[in-house]
There are 2 protein chains.
Amino acid sequence: MQYICNVFQPAMSQSAASAPNPLLQLENQLCFPLYAVSRLVTKAYQPLLEELELTYPQYLVLLLLWEHGELSVKGLGERLLLDSGTLTPLLKRLEQRGLVSRRRDARDERSVRIGLQPAGEALRHKATCIPEALMAKFQLSPAEFEALRGQLNHLLTQLS
Amino acid sequence: MQYICNVFQPAMSQSAASAPNPLLQLENQLCFPLYAVSRLVTKAYQPLLEELELTYPQYLVLLLLWEHGELSVKGLGERLLLDSGTLTPLLKRLEQRGLVSRRRDARDERSVRIGLQPAGEALRHKATCIPEALMAKFQLSPAEFEALRGQLNHLLTQLS
DNA sequence: GCCAATTAAATTGTGTGCAATATAATTTTA
DNA sequence: TAAAATTATATTGCACACAATTTAATTGGC
């Protein structure tokens, strides 16, 4: 592994005596606000998801199932960028609660099809208002919202 | 808990027959690209941090210690938006590896001061190139980079 | 000074994420 | 078609995150 050290100095603040490299400061990086905002957004969902007794990743899985009806573990993983090590236990918990069903695909026994049980389908109505409630917490104008969404999707393409 | 269901329809694509509410689609939300990009960025760090045998949150802690020299667990937690339930075990692992020191503050025995051991200080040189190596992976122009950083920091303020 | 309230860490328990490995089914290839 | 390669999940182990609780130290009010 080898990479070059030079070029491109962003707006810097020479604060601490022991920080000769402003690029190593949290303030000047993209990664930290990304990491922190992502966790804060998950936390912003929590009071809304608590009513449905769902975690945020569980909610994402249900969003996909509400939209597509049925998906394989692989299909869920491709869309959420999660692997079976994360999804399998998560799906088993949803199955135990009677929200989703898991059964081997008859045409390809390697594949496990995830479907919605009635209780999981019913949760959809309760979830209808969540996206807008979240947007309200962001306090972003539609233009800001779309700009940020566009940039993140661009970076998502770049990295995946 | 009560919130209002209406208003503001973003660009929608009526794809699946079973999705009457486009706001419930992953595509149209801000939260998912945020969540996915955050994880992908952490993954992009990994080959670089592997050389230092650090995880991404451990790297963030060291960034702060390199900049500030010494901080309490509370100080680290305020800056990283992490609590002691996350930081205590993480710091103990760094201590066991001889990278940081943990000792009670003599003036306030409730507080634990985290400092750098020589090995932890030495890692700083190896880390110098990481921020730029990461930026290269993003493939963003300086203008795009600054725009995204600004928007995320704005949202960070909004949510914290 | 004494006691209640506050504060800082640590602990406990649950749920992700994800690398690495294992297992079983399917497809490819010689 | 039998062996090899590939594919889809499951399992294991480790490290976060974070809510909730506990413990110990400090502060504030009287």
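The chains referred to below are lettered A, B, ... by the order of the sequence lines, with proteins before strands, and numbering in each begins at 1.
- Under 4.0 angstrom from either OP1 or OP2 of C/dA10 there lies at least one side-chain N or O belonging to B/Arg102.
- A/Ser72 has no side-chain polar atom (N or O) that falls below the 4.0 Å cut-off from OP1 or OP2 of D/dA8.
- An OP1 or OP2 oxygen of C/dG17 is reached within less than 4.0 angstrom by a side-chain nitrogen or oxygen of B/Tyr35.
- Taking 3.5 Å as the limit, the base of C/dT7 and the side chain of B/Arg110 contain a donor-acceptor pair of atoms between them.
- Side chain A/Ser84 to base D/dA8: no donor-acceptor pair is found below 3.5 Å.
- Of the listed nucleotides (D/dA10, D/dC16, C/dA10), D/dC16 has the atom at the smallest distance from the side chain of B/Thr86.
- Note on B/Gln46: a side-chain N or O is less than 4.0 Å away from OP1 or OP2 of C/dA19.
- Applying the 4.0 Å criterion to OP1 and OP2 of D/dA15, one finds that B/Lys92 has every side-chain N and O outside that range.
- The side chain of A/Val112 sits closest to D/dT9 out of D/dA17, D/dT9, D/dA15.
- A sub-4.0 Å separation between OP1 or OP2 of C/dT16 and a side-chain N or O of A/Arg93 is present.
- The side-chain contact (heavy atoms from CB on, under 4.5 Å) search around B/Arg79 returns B/Leu64, B/His68, B/Leu71, not counting sequence neighbours.
- Considering only the side chain of B/Pro57, D/dA17 comes nearest among C/dT16, D/dA17, C/dA25.
- Distance from the side chain of A/Asp83 is smallest to C/dC18 among C/dC18, D/dA15, C/dA9.
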